[in-house]
Amino acid sequence: GAVAGSGIWATHFVAMLAYSAGMPIAFEPGLTVLSAAIAMSLCGVGFAVALMAGGAVGGMICGFAIAAMHYAGMAAVQLPARGVWDFPYVSASILIGVSLSGLALHFAFRGRMRRDYVLGAGLFALAIVGMHFTGMAAVRFVPEAGHAFSPMAMDPFALAIVVAASAALIVAQGLIVAL
């Protein structure tokens, strides 16, 4: 759960660091950390459920983890703008994350052949990316005067360091498990 959640979180924030809104952007640290905790804890629950009740059900929980992390992460974004949300796209993004994650863990936990694991991993990656980019299509930022940044806001460089540390954590956890 920690590895998957960290990977989901890092993927989201790498994409957010690459996002160009055409205006200054910063990230509220509390919500940024909360988004990582959501991803890791809900993925852990999803994998536990997958072991007990089947891959599809656990995968759907992991899909909710992806969506919850994404929207908590989006709440952390600070811009001199107002976010306008297109709720059919929000719904579609959640459906993409939940359905593809459920399908991914169904194949991965069925695991009869190597291709089941490859298909599961590919579907899980597609769930993350599809949910994120559909979720980004759901928001439009309208410039608005008077939006002040929180004094605690993290600039993109600081977030890049945190994302790099998260990636290092993923690699370290993988090495520990391998040993």
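Scope of the values below: all heavy atoms of this structure, side chains included, with no hydrogens, waters or symmetry mates. Keep in mind it's a predicted model, so treat the numbers as computed, not measured.
- The cluster map of Ile, Leu, Val, Met, Phe, Trp and Tyr, joined by side-chain heavy atoms under 4.5 Å apart, puts Val14 and Trp9 in the same cluster.
- Scanning all heavy atoms of the two residues, the minimum distance from Gly59 to Ser101 falls at O-CB, 3.0 Å.
- Of all heavy-atom pairs between Ala81 and Met23, the closest is CB-SD, 3.6 Å.
- Here CG of Leu100 is found 8.5 Å from CG of Leu95. Values are rounded to the nearest 0.5 Å.
- Across Thr134 and Tyr89, no two heavy atoms sit closer than the pair CG2-O, 3.7 Å.
- Cluster membership check: Leu105 does not share its hydrophobic cluster with Val49, using side-chain heavy-atom separations under 4.5 Å among Ile, Leu, Val, Met, Phe, Trp and Tyr.
- Two residues are said to be in side-chain contact when any heavy atoms from C-beta on lie closer than 4.5 Å; Ile25 and Val77 meet this criterion.
- Annotation for Phe141: atom CZ counts as buried by contact number, over 12 foreign heavy atoms lying within 6.0 Å.
- Side chains of Phe47 and Ile61 form no contact here, defined as non-hydrogen atoms less than 4.5 Å apart.
- Between Met69 and Ser35, the closest heavy-atom pair is CG-O, 3.1 Å.
- When all heavy atoms are compared, the tightest approach of Phe124 to Ala4 is CE2-CB, 4.4 Å.
- Both Tyr71 and Met16 belong to a common hydrophobic cluster when Ile, Leu, Val, Met, Phe, Trp and Tyr are linked at side-chain heavy-atom distances under 4.5 angstrom.
- The local environment of CE in Met40 is crowded, with over 12 non-hydrogen atoms from other residues, nucleotides or ligands closer than 6.0 Å.
- A 4.5 Å side-chain heavy-atom check between Pro143 and Pro80 finds every atom pair outside the cut-off.
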side-chain contact (heavy atoms from CB on, under 4.5 Å) evaluation trace for Trp85 with Met74
CA-CA 11 Å; Trp85 292 91; Met74 290 303 294; 4.1 Å; yes

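- At a threshold of 4.5 Å between side-chain heavy atoms, the hydrophobic network of Ile, Leu, Val, Met, Phe, Trp and Tyr places Val98 and Phe109 in one connected group.
- Here the CD1-OG1 distance, from Ile66 to Thr11, works out to 9.5 Å after rounding to the nearest 0.5 Å.
- Clustering ILVMFWY residues whenever any of their side-chain heavy atoms sit less than 4.5 angstrom apart, transitively, puts Met131 in a cluster other than the one holding Leu34.
- In this structure, Asp86 CG and Ser91 OG are separated by 9.0 Å, a value rounded to the nearest 0.5 Å.
- Note that the NE2 atom of His132 and the NE2 atom of His70 stand 6.0 Å from one another [nearest 0.5 Å].
- The CD1 atom of Ile8 sits 6.5 Å away from the SG atom of Cys62 when rounded to the nearest 0.5 Å.
- The aromatic rings of Phe27 and Phe13 stand perpendicular to each other, their planes meeting at an angle above 60°, with 30° marking the opposite boundary.
- Ala160 approaches Leu17 most closely through the heavy-atom pair CA-CD1, 3.6 Å.
- The line from CG of Leu126 to CG of Leu103 is 10.0 Å long, rounded to the nearest 0.5 Å.
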